[in-house]
**Q** 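Provided herewith is a single structure, encoded as structure tokens, for subsequent inquiry.
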Amino acid sequence: MSLFILTFLNGMTLAALYFLVAAGFSLIFGLMRNVNLAHGSFFLLGGYIGFEAAAASGSWLLGVAAGFFAIALVGMALQVTVFRWLAGQELRQTLVTIAISVIAADLMLAAWGAQSYQFDMPEIFWGALDLPGLDLRYSRYRLFILLVAVVIGVALWLILNKSRLGLMIRAGVDNREMLEATGINVQAVFVLTFGLGAGLAGLAGVIGGTALSLSPGEDLRYLLASLVVVIVGGMGSVGGAALGAILVGLADSFGLAYSPTYGVVYTFVLMIAILTWRPQGLLGRA
Amino acid sequence: MKTAYQNGTALALVLGLAALPAFAQDTIQFGAIATLEGPFAVLGQEGIRGVEMAIAQFGGTVAGKEITLEVGSSNAQPDTAIAAARKLVEQDGAAIVVGPLSGSEGLAIRDYARTQPGVTFLNGASAAQDTTLRNPAENFFRWNPDGAQWVAGLGELTYNEMGYESVAIVAEDYSFPYTLVFGFMQPYCELGGRVPERFWVPLGTKDYSTVIASIPQDVDAIFVTLGGSDAVNFLSQYQQAGGDKPLVAGSITVDQSILSSRGRAKEQLIGTPTASPVADTNTDAAWTSFVSAYQEQFPDGLPIPSLFAQEYYISTLAALTALEEVDGDLSDDQAAFRAALSALELQTPAGMRSLDENRQVVTDIFLSQIIETDEGQLVSQLISTVPQVNQTLGFDRETFLAYGEVGRDNPSCD
């Protein structure tokens, strides 16, 4: 029983991490119809920048902020200089973003080397917490990730569904000409959205790098995780990303705990099943 | 007219060189392969330092010939080590190759060595058993102990001295940890120790939460054999998950590359027993002078050289010593050099070493325990030395081979 509960918590906290990365991916991929295969590079670069900032300032929170804002700026710059010229050309977007991710991976290898980096986390997150009512202890930091994911998920949902910005983003996706005709600067809206999505990946880089560690190759791992999450959950909806992340996280953890040899297969079985029965994803619009 | 004459001389020289390459060259091309990428990146860097130390000790020349070094990088996967070896041998023309670092890379390089009979390969630090035990290659020399030799005496120490009657094992899922775990379990299970659960995790695993949750509560200790960033990740996550079992460590998990890493992960290791071809507090002059030479040559290196610096150093030292003995003669498919290398008795930082008939080392092994020094540094403190451990761990070859190939379930420990 305790193994079941721990595995469930592991799955949920892993899902939280996947959600943080995939939410930004989903936002860009789904709402803006922009295929960004450099999203994993945003994750890793954000982690490295956050690490440098945290090491220089001695404050982990500053590291998190640096990861978010630095990558948001990188994302906005890319939208202005590259992606706005590629709107609607999916093959070109794919090729250009793959190129960016390969170049970025090599540049990061040159700058930070191949060793793995671990953050010094704040004292308050260190160690384990006794779970009330259960004879179990669980990592404080992983519970914190869960909390962060819930807060960010709710905030994103509110922004997209209740705020004026969200209204503009959704309108811009559905009918860009009409939105422009009402006098709104659509490009500015898209730049902001791209910045937000990229920034989330940078933030996840620091948060995820603290839970596990940062090293070359993590960019591809999280890009793949994001793709699977978005395919399972459905593109462009916060709820879809959350549901997808939870399913993938739980499949990962329970697979590894109860049938270690085939643990890694379940995620992809899940993806294939969804692609077969509901290709737009569980909460995706057809 | 003059230029034509000069050209003719040059041409004759080139032809002469081509005809007698081994005698006419005044350089010897070395190649070194180490894991400069991936989870063992820090270990690979240490390995290369070891090679550079040995070459520096000879002043960059041997028997009047200049030593040139090309470095190839791998990432602990066999195919990358082969790619690096092919580049060094087939493109850079290396006559002697030192490496690789990781177990399954070693098996692959041994097989590659068979296709290059004119080149001599000296293992770097790879420690899978079958690289030399079964079906060895004529031109592959391993001046380093295998994983089972690394932990000679640790099973006895764990059962008799520490009193741990059952342990769970967490190790990476490939040839080297199989070998090391075999070396630990063979005596441990013989004495009556139990191993209720073995967790084999993929090399480069980041998230150990599920493994940690699955570790049975009724074991006395956890035997950990993870290297590089894998070890750091496991230790910090185990500590964060509130784990409080004592640890027993395979050599690689308490190597200086981890003991001197940043962060709090390593705190867990204080008091942990281990066995290894190095012990940081060894007072033997050969070791202490190696340590000061390392510190002098690499001010930015680790506080104390790691096991990997030592092993690459010893392999390179063996090659250079044998080269000096044969006066740099690499003719006749390096026959004289290889004979000298096989017969060598080498004084190393880890004591006297020599090779058996499979070109596998016989060496001293050090039992130690991790302590924190007054300066807050973690080091392995020497408890005792197991003298002259051979690959068959003191058994005769027949008996030892009958244990079968090491693997996930061998030994069974029933």
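Proteins get letters first, then strands, A, B, ... in listed order; numbering begins at 1 in each. Values in this document were obtained by computation on a predicted structure and should not be read as measured data.
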**Q** Indicate whether any N or O donor in one side chain lies under 3.5 Å from an N or O acceptor in the other, for B:Thr35 and B:Ser74.
**A**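 There is no such pair (donor and acceptor under 3.5 Å, judged by atom type) between the side chains of B:Thr35 and B:Ser74.
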**Q** For A:Tyr138 and A:Thr13, test the side chains for any donor-to-acceptor distance below 3.5 angstrom and give the result as yes or no.
**A** yes
**Q** Which word best sums up how the rings of A:Tyr258 and A:Phe254 line up, parallel for under 30°, tilted for 30 to 60°, or perpendicular for over 60°?
**A**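 Parallel.
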**Q** Between A:Arg140 and A:Phe125, is NZ or CZ placed under 6.0 angstrom from the six-membered ring centre and within 45° of the ring axis?
**A**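 Negative - A:Arg140 is either too far from the ring of A:Phe125 or too far off its axis.
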**Q** May I ask you to decide if B:Val379's main-chain N or O and B:Asp280's side chain share a donor-acceptor pair within less than 3.5 Å?
**A**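 It does not hold such a pair.
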**Q** With a 3.5 Å distance limit and no angle check, can you tell me whether B:Glu37 reaches the backbone of B:Ala76 through a side-chain donor-acceptor pair?
**A** no
**Q** Just by distance, do the side chain of B:Thr205 and the backbone of B:Asp207 share a donor-acceptor pair under 3.5 Å?
**A**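 No: the side chain of B:Thr205 does not pair with the backbone of B:Asp207.
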**Q** For the candidates B:Gly242, B:Gly228, B:Gly243, which exhibits the highest count of non-hydrogen atom pairs separated by less than 4.5 Å from chain A?
**A** B:Gly242
**Q** Contact part of A:Leu14 toward chain B, heavy-atom cut-off under 4.5 Å: side chain, backbone, both or neither?
**A** side chain
**Q** B:Ile48 pairs by side chain to side chain contact (heavy atoms under 4.5 Å, CB included) with which of B:Glu52, B:Glu46, B:Gln45?
**A**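 When B:Glu52, B:Glu46, B:Gln45 are each tested with B:Ile48, the side chain to side chain contact (heavy atoms under 4.5 Å, CB included) holds only for B:Glu52.
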**Q** Side chain, backbone, both or neither: which part of B:Ile212 has an atom under 4.5 Å from a heavy atom of chain A?
**A**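 For B:Ile212, neither part sits under 4.5 Å from chain A.
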**Q** Heavy-atom pairs under 4.5 Å with chain A - which of B:Thr210, B:Val211, B:Val232 has more of them than the others?
**A**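 Highest number of heavy-atom pairs under 4.5 Å: B:Thr210.
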**Q** Tabulate, in ascending numerical order, the residues of residues 3-11 of chain A having at least one heavy atom closer than 4.5 Å to a heavy atom of chain B, or enter 'none'.
**A** A:Leu3, A:Leu6, A:Asn10
**Q** Among A:Ala211, A:Ser2, A:Ser139, who wins on heavy-atom pairs under 4.5 Å with chain B?
**A**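 That would be A:Ser139.
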